[in-house]
Amino acid sequence: MCIPRPELCPAGQPGTERPRVPRTVTSGEEGCVAREMLLILFFVLQSQDSFQGWITEPTSRSAGAEQMQEKGSVAKEQSMLEIRQDCVYTSAGRPEEADGIKSLVMDQDASRHCELYLPMSGNSSAVEPSEDSEEDMYRDAEEIEREKMLLCETSFSEHKLSVAPEMDIMEYCRKEWRGNTPVAKMMRKGYEAVSQKFASIRRVRGDNYCALRATLFQALSQATQLPSWLQNEDFTMLSENLLSKYDWIKQWQLKQKLGRKMGEISDEIKEYLILLRKKWQSISEIKGPIEKQEACDKVFKNEEEEYSLYEALKFLMLNTAIELYNDDKNGRRVPVFSWLLFARDTSSNPCQLMRNHLNHIGHSGGLEQVEMFLLAYALQYTIQVYRLYKYSTDEFITIYPNDPEKDWPVVTLITEDDRHYNIPVRMCEETKL
């Protein structure tokens, strides 16, 4: 133990000293100095792992030294907590000044932790790392990666816009197709042709719902009245009626959830159908074009409502497919696309169509060409599509269906590859005339 220095008596009693503690020496003077220096380093450097191998505990310790080490341990925990907070602030773009000991610790110890608190992408929140946690020793790499992707998607979902604000269509073209390849040149010519009819474009989120999203957005944004099929009194009872006839519909997949009971599926689909009627009714009653557009935009910023509407559209497609299939079996006239729809090995009947196609729309796949016809028949809308990769051919402008009813409203979409669909808007004045 080190020799304590003499301490002066309280003021007013000069010349006297407190009794000295008897000197007990367990190591040399150099050892005492060295131990004091090590304790200082231990506090400043917050007990780095690299020191653990060569710091040796003395055989005998004073009560003061033990108390000092306990304080150092508490200070270590507080300092590390502050450091973690500083790292988070720094990653969020709000740097804080560190001073004294905290700065030294940041430089030598916590610097290797800071990157763990950086967000995985621009708008995502800071999250704890998985590499250094003991729990990850028992999880494989795929599980950890899935968790990271889920966190990214969750943090981004609130900021994504389903339908982006409009921009000049040729400006969009120049941004997307800058090269001189044959494909780029053809796309530019296609956009140039579209710009003769429409001035702007609105980009649609591509998540396998884009065909449903673009079609429904266009239909709602120009709706002036409720379609006749939505006014039908039996419309909201559609799920109950179909489930009472076709037991296999209980395998319908809703929002990536399987194993629903028949009653649960019926009730949930009924809610979606009611929501579709309600939104269509409220938007169609708005007279002002600006107010109508704002109301439509609001629907496509609410993910819960938006995806519920898509489930309603998919169920309407199933109902239409069942009607067409039964009409054909009973010898009634059906459109040509209906033969093609049920000529596929994967959809020879409505049950297979549901299992192998409709259940996957929005989850693992989008709409195929023949299903675009089915969507048009389900909504009783004519869907006109500019297919840019078909520029200079007869298929550049494709109509779904080929022989629509004359009183069906028309919505216009634009695609570069028949997989993703965007929305052309602001019809040019000369086109209107």
| said: Test of understanding: with side-chain hydrogen bond (donor to acceptor under 3.5 Å, both in side chains), list the residues that count as partners of Trp280, not counting sequence neighbours. | reply: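 So Trp280 forms no side-chain hydrogen bond (donor to acceptor under 3.5 Å, both in side chains) with any residue.
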
Could you note down all residue pairs passing salt bridge (Lys or Arg N to Asp or Glu O under 4.0 Å) where [range] supplies at least one of them, sequence neighbours left out?
range            : answer
residues 365-382 : Arg344-Glu368, Arg344-Glu371
residues 283-299 : Arg202-Asp297
residues 166-189 : Glu166-Arg426, Glu176-Arg203
residues 231-242 : Glu240-Lys270

Here the ring pair (Phe, Tyr, Trp, His ring centres under 6.0 Å) pairs for residues 404-424, sequence neighbours left out, are Tyr377-Trp408

Residues passing the ring-ring contact (aromatic ring centres under 6.0 Å, His included) test with Tyr325, sequence neighbours excluded, are Phe342

Please name all residues satisfying side chain to side chain contact (heavy atoms under 4.5 Å, CB included) with [X], sequence neighbours left out, ordered by chain then number.
X      : result
Gln384 : Tyr386, Ile397, Ile399, Val410, Thr412
Gln352 : Ser348, Asn349, Asn356
Glu305 : Leu275, Lys279, Asn302
Asn402 : Phe373

Those residues at least two apart in sequence (or on a different chain) that pass salt bridge (Lys or Arg N to Asp or Glu O under 4.0 Å) with Glu395 are Arg387, Lys390

